[in-house]
Amino acid sequence: MMDLFEQSQQEEILKDVHLLRGFALPDQHHLLADLSAVIQAAPLRQMITPSGLPMSVTTSNCGTLGWVSDKNGYRYAACDPQTGTPWPEMPASFRQLAEQAANAAGFSGFNPDACLINCYLPGAKMGLHQDKDEQDFTQPIVSVSLGIPAMFKMGGFARSDKPLKLPLYHGDVLVWGGESRLRFHGVMPVKAANHPALGECRINLTFRKAG
């Protein structure tokens, strides 16, 4: 993968926030096949927020830990609450992509144990939030975009800070950590489009070291 990645496609858009355009494209066929297998084992579902509101995205997980949300709060769990069984193992293609993207962004030694899978249909969005349910904030976040485009918002350290708007396309990877690890971020409502491999949806893979 790294041999096919051109350095000109990498940009540090903010301190410790790196955009790797098209970084996931060389191995996309393995990624999509493994994604299908994970979703078959742990189907996408609509979680609810602690306040009881349904999320506009549908989600699943793979890895040792999975991120879950319900009336009891946001947290990581070793088992799928719908089945009581462990989440599917993180595919080798997922892990390799996350580790290589983190390394390309200057975060060596990243060893993710959780991959949150979010599916956005047209109109779905993600409000500004911080990733702070993890135990070690020295580890970066690796976010992979697949399918139709989305407008990502990378904010500051207060929810009220004006965010930078960043279009993300199929195969783009965004990595942030260090001084920017706790920046607020989100996704604007996804516009209707069609991708030849994934149809009218956007899949986001978010890799974290949660435990």
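- Side-chain heavy atoms closer than 4.5 Å link hydrophobic residues (I, L, V, M, F, W, Y) into clusters, and following such links, possibly through other members, connects V68 to I141.
- Remark: I39 CD1 to L44 CG distance equals 4.0 Å, nearest 0.5 Å.
- The 12-atom threshold is exceeded at CD of Q46, counting heavy atoms of other residues, nucleotides or ligands nearer than 6.0 Å.
- Rounded to the nearest 0.5 angstrom, Y74 OH and H129 NE2 are separated by 9.0 Å.
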Take L174 and H185, measure what side chain to side chain contact (heavy atoms under 4.5 Å, CB included) needs, and give me the verdict at the end. CA-CA 12 Å; L174 195 62; H185 56 281; over 6 Å; no
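- Nearest heavy-atom pair, L65 versus G211, reported as atom, atom and distance to 0.1 Å: CD1-N, 3.7 Å.
- Under the side-chain hydrogen bond (donor to acceptor under 3.5 Å, both in side chains) criterion, no residue pair touches residues 53-66, with sequence neighbours excluded.
- Using a 4.5 Å cut-off on side-chain heavy atoms (C-beta onward), P91 and C62 make contact.
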How far apart are the C-alpha atoms of L168 and L19, what are their side-chain angles, what is the distance that settles it, and do they pass the side chain to side chain contact (heavy atoms under 4.5 Å, CB included) test? CA-CA 9 Å; L168 295 179; L19 174 59; 3.7 Å; yes
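- No continuous path of hydrophobic side-chain contacts links F23 to L25 [ILVMFWY only; heavy atoms under 4.5 Å].
- Tracing side-chain contacts under 4.5 Å through hydrophobic residues (I, L, V, M, F, W, Y), one never reaches V175 starting from Y169; they form parts of separate clusters.
- Closest heavy-atom contact between S93 and D34: OG-OD2, 2.5 Å.
- Between S69 and T49, the shortest heavy-atom distance links the atoms OG-CA, 3.6 Å.
- Taking every heavy atom of both residues into account, A102 and P140 meet most closely at CB-CG, 4.4 Å.
- Nearest heavy-atom pair, G123 versus P189, reported as atom, atom and distance to 0.1 Å: O-CB, 4.0 Å.
- Scored by the salt bridge (Lys or Arg N to Asp or Glu O under 4.0 Å) test, D16 finds no partners at all (sequence neighbours excluded).
- Think of L182 as one node in a network of Ile, Leu, Val, Met, Phe, Trp and Tyr side chains linked at under 4.5 Å; its network also takes in F137.
- Aromatic ring pairs are classed by plane angle as parallel below 30°, tilted from 30° to 60° and perpendicular above 60°; the pair H18 and F107 is perpendicular.
- Cluster note: M151 groups with M188 through ILVMFWY side-chain heavy atoms spaced under 4.5 Å, whether in direct contact or through intervening members.
- R183 has its side chain within reach of L14: a pair of non-hydrogen atoms, C-beta onward, lies under 4.5 Å apart.
- Residues E99 and P112 are in side-chain contact: their nearest non-hydrogen atoms beyond the backbone lie under 4.5 Å apart.
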Take C115 and I117 through the test side chain to side chain contact (heavy atoms under 4.5 Å, CB included) and record every step on the way to the result. CA-CA 6 Å; C115 174; I117 302 167; 4.3 Å; yes
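- Within a 6.0 Å sphere centred on NE2 of H30, heavy atoms belonging to other residues, nucleotides or ligands number 12 at most.
- R75 places a side-chain N or O within donor-acceptor distance of the main-chain N or O of G73, the cut-off being under 3.5 Å.
- When all heavy atoms of Y120 and M126 are compared, the pair lying nearest together is OH-CB, 3.5 Å.
- Side-chain atoms of D172 come within 3.5 Å of backbone N or O of G22 as a donor-acceptor pair.
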Taking it one step at a time, do N204 and T206 satisfy side chain to side chain donor-acceptor pair (under 3.5 Å)? CA-CA 6 Å; N204 177 247; T206 304; 2.7 Å; yes
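- With hydrophobic clusters built from ILVMFWY side chains whose heavy atoms lie under 4.5 angstrom apart, I203 shares a cluster with L20.
- Counting only distance, with no hydrogens or angles, the side chain of Q10 and the backbone of A104 share a donor-acceptor pair below 3.5 Å.
- Within the 4.5 Å cutoff, side-chain heavy atoms of N111 are placed close to those of R95.
- With values rounded to the nearest 0.5 angstrom, S143 atom OG is found 8.0 Å from L205 atom CG.
- A distance of 13.0 Å separates CD in Q96 from CE in M90, rounded to the nearest 0.5 Å.
- The list of salt bridge (charged side-chain N to carboxylate O under 4.0 Å, His left out) pairs with a residue in residues 200-211, not counting sequence neighbours, reads D113-K209, D131-R208, E134-R208.
- To the nearest 0.5 Å, the span separating CZ on R45 from CE on M55 amounts to 12.0 Å.
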Using the side chain to side chain contact (heavy atoms under 4.5 Å, CB included) rule, take I148 and V190 through it: C-alpha gap first, then chi angles, then the decisive distance, then the call. CA-CA 8 Å; I148 63 177; V190 172; 3.5 Å; yes
In residues 152-164, what donor-acceptor pairs under 3.5 Å come from side-chain atoms, sequence neighbours left out?
from: R159; atom 1: NH1; to: L128; atom 2: O; distance (Å): 2.5
from: D161; atom 1: OD2; to: F157; atom 2: N; distance (Å): 3.1
from: D161; atom 1: OD2; to: A158; atom 2: N; distance (Å): 3.1

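- Note that CH2 of W67 is 10.5 Å distant from CH2 of W87, once rounded to the nearest 0.5 Å.
- Taking 4.5 Å as the limit, some side-chain heavy atom of L97 sits within range of a side-chain heavy atom of L31.
- By the rule that hydrophobic residues join a cluster once side-chain heavy atoms approach within less than 4.5 Å of another member, L32 and F207 end up as members of one cluster.
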